[in-house]
Amino acid sequence: MTNSLPKNVDDTMTLLGEGNYVADRSLATALFLSLELKRPLFLEGEAGVGKTEIAKVLSNTLGRDLIRLQCYEGLDVSAAVYEWNYARQMLEIRMAEASGGADRQTLESELFSERFLTKRPILRALEPHAGGPPVLLIDELDRTDEPFEAFLLEVLSDYQVTVPEMGTVKAETPPLVIITSNRTREIHDAIKRRCFYYWVDYPNAEREFEILKIKAPNASEDLSRQIVAFVQKIRSLDLFKLPGVAETIDWAQALTQLDRLTLDPDTINDTLGTLLKYQDDIAKIQGSEAARILDEVKAEMSQKESV
Amino acid sequence: MTAGPSDDKRDENTLAEGDVKTDEQHVAPNFFVGEADGGRLADNIMHFARVLRRAGLPVGPGKVLEAVKAVSAVGVSSRKDFYWTLHAVFVNRRDQREVFDQAFHFFWRNPNLLEKMMGMMLPSTKMDEAAAPPKDEMSRRVADALAGDKPGDEQDEASEPDEDLIEMDATLTFSRDEVLSEKDFEKMSSAELAEARSAIQKLTLPIRQVPNRRFQPHPQGRRVDMRATLREAARFGGDLAALKRRKHTRRPPPLVVLCDISGSMDRYARMLLHFMHALTNDRDRVHTFLFGTRLTNITRYLRYKDPDAAVDTISEAVEDWSGGTRIGHALHDFNVNWSRRVLGQGAVVILITDGLDREGAEGVAEEMERLHKSCRRLIWLNPLLRYDAYEPRAAGARAMMPHVDEFRAVHNLGSLAELAEALGKDASLSRREMARWRAAAA
């Protein structure tokens, strides 16, 4: 699929819709702004609310390459931007020795030329691409440390990096940058200032149901409605980790695999592990609490039907 | 979790309201006209930015320009889009959303009113918005400032708890009420300031530096630094290549301090605050929380360089000085709302409390276990031992003991130097001690 960049917020909604991503209009607004004004989009939110997915959908629907930089502690320039190909460089030195011709100056300038450069995600994102500027996904920025954040400042504001041996590489057309964070620590304001910020929240019942229709199409409508209502109720409880949309989808798919058409207490108890990931939380919900919530859900649903 | 779907509805409601007002009063912004009114809209955005700045959002001139650009990119055909456009530009953190929301709904309803009411904005929006959270720090700060100084409960420092009271503390009679009061600390004398500095300089925390995944050049390092080696080789025409080496860097892990400020800890509050202030300004990645009946994050206030200014702001910001203790409740609050945000990178937690809990240690064990599992190391500093043969018999202390890696006790903590000494004690020595404490608490 190849689309041109959206012209307005409605276009952006349609674009995300084409990529099977059910989005709030507020998210579409932030995304449109970031595309239009060529600034990175900074997405923050709990795990499993679909932050990373946005970048994938964007690259799919726009037909752009997706370049992903997964952050981790100690991520440094040689893993994120570039590294010299030492083996080839050594080989080159040996060959220069063998032929005996090369003088120091030429050898040095030769050794640190583009031929010997191993490009890592950020440098690749700044290069020209056939299908237009790529989507650069900087995933889970909170996992890396402050020095790397500081390094990103140059990349994000001017879309350029400096390779000391070669000079500055600047993107002709800036890539579409999506940054995600799970907020395991605060990202410095200097980074956020250069981005459009958006907090990705848990979806409301209606939207979550739409998501399930797309992501778990085999689940019966009744089942999907019950799942959504159940999950929404669980999110209002005092749990250590609330289930995200990803968990809802997993659960719906698991229940479909088990050929369930509606929820019942036993099934919930057996499959709760797909929804909740902490033993304390599971222990809290399992059994009578799950049955109680299910009763509530069913009562509300039958009430709605009778109306 | 407050904005979102419900917000959408409110947007539409206020949109309807706003429109009606536009027709009736002829003073409301006609920003829906769009380009034709560009100049006025830009002005209004600037005023709006100033309102946000007053309300505590970090909004600089650059943001205003950006907002104007953003608005002209999106267009101003719908109020909802307009809302989210400004939101994308001005909001930087999740907790700013509420302030932004209040300001937006107030301002864009009728900005002309605003010139007169600038100062009164937040209190009146608070009345407007029943949904405004009671604990919103920023709103409260502004609101407090405008409402004039409330006479705080006069908790006189002079009536320091005497010996008897402390003995009673140890026998578990402590405050059952949530006392809300402001605290009036005396200023630090220059001698104390000097003492604090030297104590902090000498302070060795029982926290080892941990290896980082980054490297630094080091002649005896275990790894070869290919990059440096090759550069060096090229410099000499490639004939000789002396191996350059590097090794992993080490840095102290992040530190989280949780400090009890309930009545039984009263006499140490000031000193502990100064300790935490010095600690925060001494190294990076320190987060500090106070708890009595509720949990307050004071990291931001401690960033003031001047210790007295920092302590003054904290004494205003924290509401539960010298009240009861609800350790389980406070730890639960921390686990749910903060642990993922501040314990992420293998943090060490220092918990300063006497372990006297007014709720009979309800939930303390569970929350301590959760806390222990989420951090690299949990150190409990108990400053309230009255005699050598202290036995952790109190319900709170017994619930906490199995879940701490280290227990440090101080007899009658008198000065920063003593505190520093207690924290700097040899860790190997305390391992044997730890076994003894655990046995005593079992």
Side-chain angles (χ1 to χ4, degrees), chain A residues 8-9 24-30 32-34 36-37 39 41 44-45 72-76 78 83-84 86 89-90 92-94 96-97 102-104 107-108 111-112 142-143 145-147 165 182-186 189 192-193 196-199 201-204 206-207 235 238-240 280, chain B residues 1 3-8 58 60 62-63 66 69-70 73-75 77-78 80-81 83-85 87-94 96-97 212-215 226-227 229-231 233-239 241 248 251 254 284-285 332 335-336 339-346 366 369-370:
Chain A
N8 52 42
V9 181
D24 278 325
R25 194 174 169 85
S26 48
L27 172 59
T29 309
F32 169 69
L33 277 176
S34 111
E36 180 74 15
L37 300 180
R39 291 268 195 127
L41 179 61
E44 212 169 37
Y72 54 85
E73 201 194 324
L75 179 64
D76 58 4
S78 65
E83 178 76 305
W84 293 104
Y86 302 119
Q89 281 179 325
M90 296 232 269
E92 185 75 11
I93 296 175
R94 294 299 292 277
E97 278 173 2
D103 67 298
R104 255 183 233 179
L107 184 63
E108 188 168 352
L111 271 186
F112 294 104
D142 51 335
R143 285 186 187 275
D145 47 9
E146 295 85 356
E165 294 90 347
N182 282 333
R183 214 171 55 151
T184 59
R185 66 184 178 82
E186 283 308 338
D189 279 345
K192 289 178 165 179
R193 209 160 51 76
F196 289 108
Y197 176 85
Y198 186 77
W199 172 263
D201 224 327
Y202 296 116
N204 58 14
E206 200 184 320
R207 207 165 298 270
R235 287 209 189 110
D238 182 20
L239 295 178
F240 186 65
D280 301 354
Chain B
M1 262 167 256
S6 64
D7 232 14
D8 294 356
K63 285 268 178 195
E66 205 178 293
K69 259 196 256 169
V74 172
S77 50
S78 105
K80 200 169 152 187
D81 283 358
Y83 176 93
W84 287 109
T85 304
H87 184 279
V89 176
F90 287 130
V91 174
N92 263 346
R93 283 207 318 261
R94 187 186 170 202
Q96 296 164 351
R97 296 197 307 180
N212 200 313
R213 292 195 33 121
R214 292 188 182 282
F215 292 98
M226 282 305 285
R227 187 170 180 171
T229 306
L230 261 285
R231 280 178 76 114
R235 191 162 297 146
F236 297 111
D239 291 341
H248 279 290
R251 80 188 283 208
D284 59 350
R285 302 199 291 175
H332 179 77
N335 282 335
V336 170
S339 71
R340 281 197 198 85
R341 292 170 65 182
V342 297
L343 297 182
Q345 310 202 326
E366 291 81 5
E369 189 184 351
R370 162 69 56 214

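So that the names make sense, note that chain A is the first sequence line, chain B the second, and so on, each numbered from 1.
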Heavy-atom pair with the smallest gap, counting every atom of B/Val91 and A/Tyr197: O-CB, 3.2 Å
For A/Arg25, is it the side chain, the backbone, both, or neither that has a heavy atom closer than 4.5 Å to a heavy atom of chain B? side chain
Say you draw a straight line from CD of A/Glu44 to CZ of B/Arg93; how long is it, rounded to the nearest 0.5 Å? 9.5 Å
I need the residue from A/Asp238, A/Asp189, A/Asp76 with the largest number of non-hydrogen atom pairs under 4.5 Å to chain B. A/Asp238
Tell me, for A/Leu75 versus chain B, whether the close heavy atoms (under 4.5 Å) come from the side chain, the backbone, both or neither. backbone
Find the distance between CZ (B/Arg94) and CZ (A/Arg183) and round it off to the nearest 0.5 Å. 5.5 Å
Testing the basics here: between B/Arg370 and A/Asp280, what is the closest heavy-atom pair and its distance to 0.1 Å? NH2-OD2, 2.9 Å
Looking only at heavy atoms, what is the nearest atom pair of A/Asp142 and B/Gln345, with distance? O-NE2, 3.3 Å
One should read off an interatomic distance between B/His87 NE2 and A/Leu33 CG, to the nearest 0.5 angstrom, of 12.0 Å
Only pairs of heavy atoms separated by less than 4.5 Å count here; which of A/Glu83, A/Gln89, A/Glu92 has the most with chain B? A/Gln89
Nearest 0.5 Å, please: how far is CE in B/Met226 from CE in A/Met90? 4.0 Å
With B/Asn92, which residues qualify under side chain to side chain donor-acceptor pair (under 3.5 Å), at least two apart? none
Flag if over 12 foreign heavy atoms under 6.0 Å of CZ, B/Arg251: yes
Engaged part of B/Val342 at the chain A interface, taking heavy atoms whose separation is under 4.5 Å: backbone
Pairing residues for A/Arg193 by the side chain to side chain donor-acceptor pair (under 3.5 Å) criterion, not counting sequence neighbours: none
Does NZ or CZ of B/Arg340 fall inside the cone over A/Phe240's six-membered ring, less than 6.0 Å from its centre and within 45° of the axis? yes
Quick one: what part of A/Glu146 sits under 4.5 Å from any heavy atom of chain B, side chain, backbone, both or neither? side chain
Correct closest heavy-atom pair for B/Ala70 and A/Leu37 would be CA-CD1, 3.6 Å
Counting only heavy atoms closer than 4.5 Å, note whether B/His332 contacts chain A via side chain, backbone, both or neither. side chain
In short, A/Trp199 meets B/Arg97 closest at the heavy-atom pair CD1-NH1, 3.2 Å
Start with the C-alpha distance between B/Arg285 and A/Arg185, add both sets of side-chain angles, then the distance that settles side-chain contact (heavy atoms from CB on, under 4.5 Å), and finish with yes or no. CA-CA 10 Å; B/Arg285 302 199 291 175; A/Arg185 66 184 178 82; over 6 Å; no
Correct closest heavy-atom pair for A/Glu36 and B/Ala73 would be CG-CB, 3.6 Å
Please determine whether side-chain contact (heavy atoms from CB on, under 4.5 Å) holds for the pair B/Arg214 and A/Asp145, giving the CA-CA distance in whole Å, both sets of side-chain angles, and the decisive distance to 0.1 Å. CA-CA 10 Å; B/Arg214 292 188 182 282; A/Asp145 47 9; 2.7 Å; yes
Residue among A/Trp84, A/Phe32, A/Tyr86, A/Tyr72 with most heavy-atom pairs under 4.5 Å to chain B: A/Tyr86
Option in A/Leu239, A/Val9, A/Thr29, A/Leu27 with maximal non-hydrogen atom pairs under 4.5 Å from chain B: A/Thr29
A/Glu206, part contacting chain B, at a heavy-atom distance under 4.5 Å: neither
What part of B/Thr229 lies closer than 4.5 angstrom to a heavy atom of chain A: side chain, backbone, both or neither? neither
Validation row: B/Asp81, A/Asn8 side chains within 4.5 angstrom (heavy atoms): no
